[in-house]
**Student:** 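Structure provided below as C-alpha cells; questions to follow.
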Amino acid sequence: MNVFGGITACDAVANGILQAYQLLEQAGTPVKLPIVVRLDGNNAELGHQILDDFAATLREGSIQRVETMDDAARRAAELAATGQGQGA
Amino acid sequence: MAIWLTQDSKVLVQGMTGSEGRKHTQRMLTSGTKIVGGVTPGKGGQTVEFEGDANQPVFDSVAEAVEKTGADVSVIFVPARGTKAAVVEAVDAGVPLVVVITEGVPVHDTAAFFQYAQDKGSTRIIGPNCPGIITPGRSNVGIIPANITQQGPIGLVSKSGTLTYQLMYELRDLGFSTNVGIGGDPIIGTTHIDCLAAYQEDPETKAVVLVGEIGGDAEERAAAFIQENVTKPVVAYVAGFTAPEGKTMGHAGAIVSGSSGTAAAKKEALEAAGVRVGRTPSETARLMREVVASL
C-alpha cells in the first residue's frame with residue numbers, strides 16, 4: 001500500500017487498514033498475507049503511530065512499514081519472490 | 001510570474017456551501033489563496049464562516065459574484081450532475097480560468113462545456129477530475145496539499161494527483177513555480193501541451209517535469225511539441241509500464257488499447273524529443289536534480 005496523504009490524511013488511511021483487518025477477522029476471512037505499507041504526507045507521523053501500535057498486536061511481519069515508495073516496491077517484490085508472502 | 005495563478009488571483013468557489021466545497025475552501029484560505037466568495041444558486045445572501053476571520057459571501061450566480069468581487073478564477077466543487085451547468089455559467093460570466101475538481105462528470109458533458117468554452121474563447125478550463133493548480137506560497141486552487149513544497153524554478157504538469165504530490169515532495173528543497181494537475185479523464189480542458197507552452201514563456205520556470213500515464217496519445221503529442229517549441233529542459237515520468245492491455249487503470253482515460261497508449265511507446269516518443277524519462281518517480285526526481293544543478 002503506497003499512500004501519499006494529500007486530501008485523505010495518513011491517519012485516516014492507517015485507521016482504514018486497521019478496520020479492514022478487524023472486519024475481515026470478524027467475517028472469518030482474516031488477512032493472511034503480509035502487507036507492506038508506505039505512508040507519507042499529511043499526518044504521516046500519526047498514521048505511523050496508529051499502524052505501529054496495531055502491528056505490535058499482530059504476528060510479526062504481518063504489517064511491514066517502510067519509508068519510501070521504492071523501498072515498498074522492493075520489499076513487496078522480495079516477499080513475493082521468496083515465498084514469505086504465503087502467510088500462515 | 002508562475003503560470004495562470006498568482007497571489008493576486010481572486011477566486012470564487014462554486015459549491016462552497018457543500019461539505020467538500022466548505023472543507024477545501026478552508027484549506028485554500030489557510031494556504032494563502034485570495035478567496036472572494038462562493039456561488040450556490042438559491043443561497044445568495046448567506047455567509048459561510050471560516051477560521052481566520054475569513055467569512056465568505058455567497059451569491060446566486062457567477063455573473064453576480066464576478067460583478068461584486070472582480071473574481072478572475074472559479075473552482076468548481078459542484079456534484080457531477082450539476083458540473084456542466086456550473087462551467088457554462090462561469091464561461092458566460094467571462095471568468096478567465098475555471099478549475100473543475102469534480103470527479104465522475106459524464107464525458108459527453110465535458111465535451112459540451114469544453115467546446116462551449118472554446119467557442120467563447122475567453123475561458124481556460126483545467127480538469128475535470130483533477131487536483132487543481134498551485135503556485136506554491138502564493139495561491140492554491142483545488143485540493144493539492146500546500147505545505148509539502150515551496151516556491152522555486154520547476155514547472156510541473158501531471159495527469160495524476162498523487163504523483164504530483166510525490167514529486168512536489170521529493171523536490172521540495174528546489175521548489176516549484178506552478179504545479180498543474182490536468183486530470184485523467186478521456187476529455188480534459190488544459191493539456192500537457194498548453195502547460196508546456198506556458199512554462200516555456202514563464203521567466204520563473206527554468207525546467208519542467210511532465211507526468212503522463214498510459215492511454216491516449218497526449219504524451220506523444222507533447223513530445224512532438226517539445227521537439228519543436230520547448231527549449232527549457234524537460235524531465236518526464238510515465239505511469240503504467242506493467243499495465244495489462246484493455247484494463248482501465250484508475251483513471252477513465254488510462255487504458256492501453258491494442259498496441260496504442262502503452263507506457264513504452266510514450267517513453268520512446270519523449271526520449272526521441274530529448275526528454276529524460278525516469279523509471280520511477282524517485283528516479284525522475286533525481287534526473288530533475290541533475291538538470292537543475294546544471295542550469
Side-chain angles (χ1 to χ4, degrees), chain A residues 1-21 24 31 33-52 54-55 63-87, chain B residues 19-28 30-31 75 77 101-103 129-134 136 140-149 156 158 160-172 179 181 183 211 237 239-242 249-250 278-287:
Chain A
M1 262 177 231
N2 172 47
V3 172
F4 196 102
I7 301 322
T8 306
C10 292
D11 57 324
V13 175
N15 278 319
I17 294 170
L18 189 152
Q19 282 163 18
Y21 234 92
L24 289 166
V31 178
L33 297 174
I35 302 177
V36 180
V37 187
R38 173 265 183 161
L39 293 177
D40 217 330
N42 274 351
N43 290 354
E45 281 176 24
L46 190 53
H48 291 168
Q49 192 61 52
I50 291 165
L51 268 191
D52 290 351
F54 181 57
I63 293 181
Q64 308 190 16
R65 198 167 63 67
V66 295
E67 293 302 323
T68 69
M69 187 153 73
D70 290 356
D71 289 345
R74 205 172 294 124
R75 185 73 193 127
E78 272 170 22
L79 288 170
T82 59
Q84 292 175 62
Q86 292 301 309
Chain B
S19 61
E20 290 301 309
R22 190 181 297 243
K23 178 171 85 185
H24 291 293
T25 300
Q26 182 65 63
R27 290 184 60 259
M28 289 188 277
T30 304
S31 55
V75 56
F77 284 99
I101 306 302
T102 309
E103 181 177 6
N129 189 18
C130 78
I133 173 171
I134 178 171
N140 181 21
V141 169
I143 62 175
I144 296 173
N147 56 358
I148 57 171
T149 199
L156 181 144
S158 171
S160 155
T162 300
L163 290 173
T164 301
Y165 312 157
Q166 178 72 28
L167 284 161
M168 284 169 68
Y169 185 67
E170 291 209 27
L171 294 167
R172 62 193 179 281
N179 307 66
V211 180
Y237 175 68
F241 271 89
T242 55
M249 306 294 283
R279 282 175 302 131
T280 64
S282 303
E283 187 184 87
T284 308
R286 277 197 297 279
L287 292 174

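Here is how names work: the chains are called A, B, and so on, in the same order as the sequence lines, proteins then strands, and each is numbered from 1.
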**Student:** So how far is it from A/D70 CG to B/E283 CD, rounded to the nearest 0.5 Å?
**Tutor:** 9.0 Å

**Student:** Contact part of A/N2 toward chain B, heavy-atom cut-off under 4.5 Å: side chain, backbone, both or neither?
**Tutor:** neither

**Student:** Any heavy-atom pair between the side chains of A/F4 and B/L163 that's under 4.5 Å?
**Tutor:** no

**Student:** Measuring heavy-atom distances to chain A, does B/I143 have an atom under 4.5 Å in its side chain, in its backbone, in both, or in neither?
**Tutor:** both

**Student:** Is there a side-chain contact between B/N147 and A/N42 in this structure, where contact means two heavy atoms from C-beta onward sitting under 4.5 Å apart?
**Tutor:** yes

